[in-house]
Amino acid sequence: MEVIVAEHAGFCFGVTKAVETVYDQIEAGKTANIYTYGPIIHNETVVSDLEKKGVKVINGIEDLEAIVGKKSDDSDNCADNSESESKGTIVIRSHGVTRDVQAALEKTGLEIIDATCPFVKRIHKVVDTESSLGKRIIVVGSANHPEVEGIVSYANGPVYVIESPEEAAKFNENKDLEYTLVSQTTFNKKKFQETVEIFKNNGYNINVVNTICNATDERQTEAEEIARKADVMIVIGGASSSNSRKLYDICSKECDNTYFIQTLDDLHLDLHDDVKIVGITAGASTPKNIIEEVQNYVRTNF
Ligand code: F3S
């Protein structure tokens with residue numbers, strides 16, 4: 001039996017940078033609090049390792065208020081405590097944040113380290129500039145994904161989120177206006193192309209800026225190729241990792257026996273003798289050691 005592990009599996013450049021940024025803070029021996037705005041990646045193993053090392057996750061503006069409130073309560077009660085509580089670092093993860101959140105973070109007075117992926121930053125810039133020129137913005141992606149929420153916040157005018165080609169087909173707005181269309185970085189590239197075609201065929205004047213990042217493009221293309229020839233396909237990713245779920249969708253279209261797992265513990269394989277090829281890929285938030293564990297298990301047990 002052959003085991004094929006995708007070359008483009010696991011941490012992408014943006015996630016690597018964000019995770020390293022947090023570990024760098026720990027290693028720098030900072031005594032003050034280290035926070036991440038949201039879990040730094042959609043991977044429970046990494047997030048809990050960081051928690052053990054003292055990193056706290058801020059889950060929203062409400063948490064932020066509690067931190068700032070705590071700071072001022074402490075300063076009322078004890079001058080020394082206020083000194084230590086008032087210091088701290090907040091790391092913004094690779095998805096980025098909305099303009100409002102950015103402003104709220106800055107208001108805390110804590111040090112802000114922005115690990116937003118440069119590919120996401122580029123989209124913020126495109127949306128900001130194009131909407132300032134009077135164009136309406138269309139974002140192709142999942143409306144409630146933090147990356148998309150961030151992108152939407154950079155529009156200085158009307159902005160629409162389109163989640164699927166089906167939604168694009170129902171889009172009914174003024175066709176005399178100009179639109180600029182961008183994508184969530186991890187959107188399924190085939191669905192993106194379909195969506196664009198629908199807008200064009202329906203007579204919309206759209207300027208398309210394909211903002212699906214290279215890492216996603218390569219990962220999806222390779223996963224699809226492997227799944228096409230594999231008898232069994234394993235996709236490793238966090239339960240709430242949107243790019244991993246998309247990989248699963250792509251692979252399961254090509255291979256009926258596609259498994260979605262978070263760690264080796266979730267894998268309950270029962271391989272028949274006629275299985276010749278097992279493919280393995282992983283989302284952008286899957287650490288290398290988990291991929292290795294899975295591939296070693298498959299290689300040694302079957
Ligand atoms: Fe950045 Fe692409 Fe990763 S946008 S965070 S390199 S999936």
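Atoms within a ligand are numbered from 1 in the order they appear, just like the ligands themselves. Side chains are part of it too, since the values below use all heavy atoms of this structure and drop only hydrogens, waters and symmetry mates.
One finds the CG atom of D217 at 11.0 Å from the CZ atom of R219 (value rounded to the nearest 0.5 Å).
Side chains of N257 and D231: a donor-acceptor N/O pair is absent below 3.5 angstrom, by distance only. Counted by atom type alone, E224 and Q220 present zero donor-acceptor pairs between their side chains at under 3.5 Å.
Not less than 6.0 angstrom separates the ring centroid of Y259 from the ring centroid of Y248.
Listed by chain and number, C213 SG are the protein N/O/S atoms closer than 2.8 Å to atom 2 (Fe) of ligand 1, with waters left out.
Residue-environment remark: CG (D273) stays at or below the threshold of 12 foreign heavy atoms within 6.0 Å.
Closest non-hydrogen pair, Q184 versus I212, comes out as O-CG1, 4.0 Å.
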